[in-house]
Amino acid sequence: MVYFKKAIEQFVLWIVCVFLFIGILFMPVTTEYQTGQGGQFESASYQYELDKHIANIKGFFTYIKENPDLGEFVPGESYGHRIAGKAWKSLLLIVPTLIFAYIFGILKGIFDFRMQKKKLNFLGNGTTWLFISMPDLFFIIIIQIGLMFLYEKGLFFHVTLYGSEKLETYIVGILFLLIYPVFYLANITNVSLQEQSGNDYIRTARSKGTSDVKILFIHILKNSFPRILAHANTITLYVLSNLFIVEKLMNFQGAADGLFNAVLRGTGFKVGMEIMVDGISAAGYTVFFASIILVSNLVTQLFKSLVTPVSQEVDHE
């Protein structure tokens, strides 16, 4: 029951966030410019008008109602079709990344846990520490340069690193997005396993002759899942934020690239012209990313309900 309540809360929060962003997106942007001799810019002033803000928001919803498929972006292509196409491309990066991040992250955490008292511990905790201590942008650039160098020397086959039309670019994009989440989850898993390993029920299981492998997977790992899943929202947000960097570096024509271009129009100005953004596209991509976060949180709540002991659920209630 507690997880159903949380799911309702997540849905309400999603609605609030979407409407909040739409409110920010359609704030009035009328600006008064002061110029000197020859039309040279000197200063600018802005005064917020609530009536105009409300009119902009009403106009947006009226536009959606009156224009099927969000209207025409360019002749022959609607906003809806363009946004859906870009969103689908990004979805093919996001979903596999989240799935593989948990699989490989938990496996890496188990490896770190088992290697912590061995001489080769630098391959476990050492590599995890390295990858979460340095920005993954550094590793992405190094990998790109390295692959191009190896191909030029004839030591590696050609890999397409730019664009969004070939399967290999999707694979490379997923690998880039996986770098930090895998090692972040590995660290969380390792810490959780260490905490569980000192509990009384583990010592009891060992005294009964239960094998270490069975104790690890049946007892320790199972009871560590609630803490691991507590970081699901952090992982999702990181993947989405890093998606902007990956798509830009790879010239990948996905939703992050679309949102960036939609709001890019509002980052500069010319005297006498209003600061404008592509509000229709920006709103569409925002709903897409907000929906990813919502679905991720709902799936997490579902898995939490499956792995959390009933006694802990009662405590939450």
Side-chain angles (χ1 to χ4, degrees), residues 2-3 6 96-140 174-242 293 296-317:
V2 63
Y3 294 107
K6 289 183 177 180
T97 296
L98 291 174
I99 294 174
F100 289 135
Y102 283 99
I103 295 174
F104 295 128
I106 292 174
L107 290 176
K108 181 64 166 63
I110 294 173
F111 177 78
D112 294 353
F113 175 74
R114 294 180 64 85
M115 296 293 292
Q116 60 184 336
K117 295 182 180 179
K118 298 181 181 180
K119 293 181 179 180
L120 296 178
N121 185 41
F122 69 92
L123 295 176
N125 290 313
T127 55
T128 299
W129 174 85
L130 175 65
F131 279 89
I132 63 177
S133 299
M134 300 182 67
D136 48 0
L137 177 61
F138 169 78
F139 294 107
I140 291 173
I174 292 170
L175 292 176
F176 286 163
L177 288 173
L178 276 173
I179 294 174
Y180 186 86
V182 165
F183 292 97
Y184 179 86
L185 281 169
N187 184 54
I188 297 301
T189 301
N190 185 21
V191 172
S192 300
L193 294 177
Q194 290 183 40
E195 290 180 352
Q196 291 292 328
S197 63
N199 290 336
D200 292 337
Y201 73 92
I202 300 300
R203 289 190 287 269
T204 301
R206 283 174 178 159
S207 66
K208 293 181 178 180
T210 308
S211 66
D212 289 341
V213 175
K214 188 174 181 179
I215 290 175
L216 174 61
F217 287 95
I218 302 299
H219 298 288
I220 300 179
L221 185 60
K222 180 181 178 180
N223 289 307
S224 297
F225 273 127
R227 174 164 180 175
I228 295 172
L229 291 174
H231 295 264
N233 193 50
T234 301
I235 295 298
T236 302
L237 292 175
Y238 189 88
V239 170
L240 294 182
S241 62
N242 209 32
I293 297 173
S296 174
N297 287 337
L298 292 177
V299 172
T300 300
Q301 295 299 331
L302 174 62
F303 276 100
K304 279 185 178 180
S305 67
L306 296 176
V307 300
T308 302
V310 177
S311 58
Q312 291 187 23
E313 290 189 35
V314 174
D315 291 339
H316 283 298
E317 293 183 306

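Side chains are part of it too, since the values below use all heavy atoms of this structure and drop only hydrogens, waters and symmetry mates.
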Worksheet entry | Any donor-acceptor N/O pair, Ser207 side chain to Thr204 backbone, under 3.5 Å | yes
Worksheet item: Which residue pairs pass the side-chain hydrogen bond (donor to acceptor under 3.5 Å, both in side chains) test with at least one member in residues 178-187, sequence neighbours excluded?
Response: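 Pairs touching residues 178-187 that pass the test: Tyr184-His231.
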Heavy-atom check, side chain of [X] versus side chain of [Y], under 4.5 Å:
X: Ser224; Y: Thr189; answer: no
X: Leu130; Y: Met134; answer: yes
X: Ile215; Y: Ile220; answer: yes
X: Thr128; Y: Lys108; answer: yes

Can you name the closest pair of heavy atoms from [X] and [Y] and give their distance?
X: Leu229; Y: Thr300; value: O-CG2, 3.5 Å
X: Asp112; Y: Ala186; value: OD2-CB, 4.1 Å
X: Leu178; Y: Thr97; value: CD2-O, 3.3 Å
X: Pro96; Y: Ile174; value: CB-CD1, 3.7 Å
X: Ser192; Y: Arg227; value: OG-CD, 3.3 Å

Fill in: Partner set under ring-ring contact (aromatic ring centres under 6.0 Å, His included) for Phe183, not counting sequence neighbours
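Expected list: Phe131.
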Practice prompt. Tell me, please, which residues at least two apart from Phe217 pass ring-ring contact (aromatic ring centres under 6.0 Å, His included).
Written response: none
Please say whether more than 12 non-hydrogen atoms of neighbouring residues, nucleotides or ligands are located less than 6.0 Å from [atom1] in [X].
X: Phe100; atom1: CZ; result: no
X: Arg114; atom1: CZ; result: no
X: Tyr238; atom1: OH; result: yes

Of all pairs that satisfy salt bridge (Lys or Arg N to Asp or Glu O under 4.0 Å), the ones with a partner from [range], not counting sequence neighbours:
range: residues 178-192; result: none
range: residues 122-134; result: none
range: residues 176-185; result: none

Worksheet item: Have Asn190 and Gln194 got a donor and an acceptor in their side chains that come within less than 3.5 Å?
Response: yes
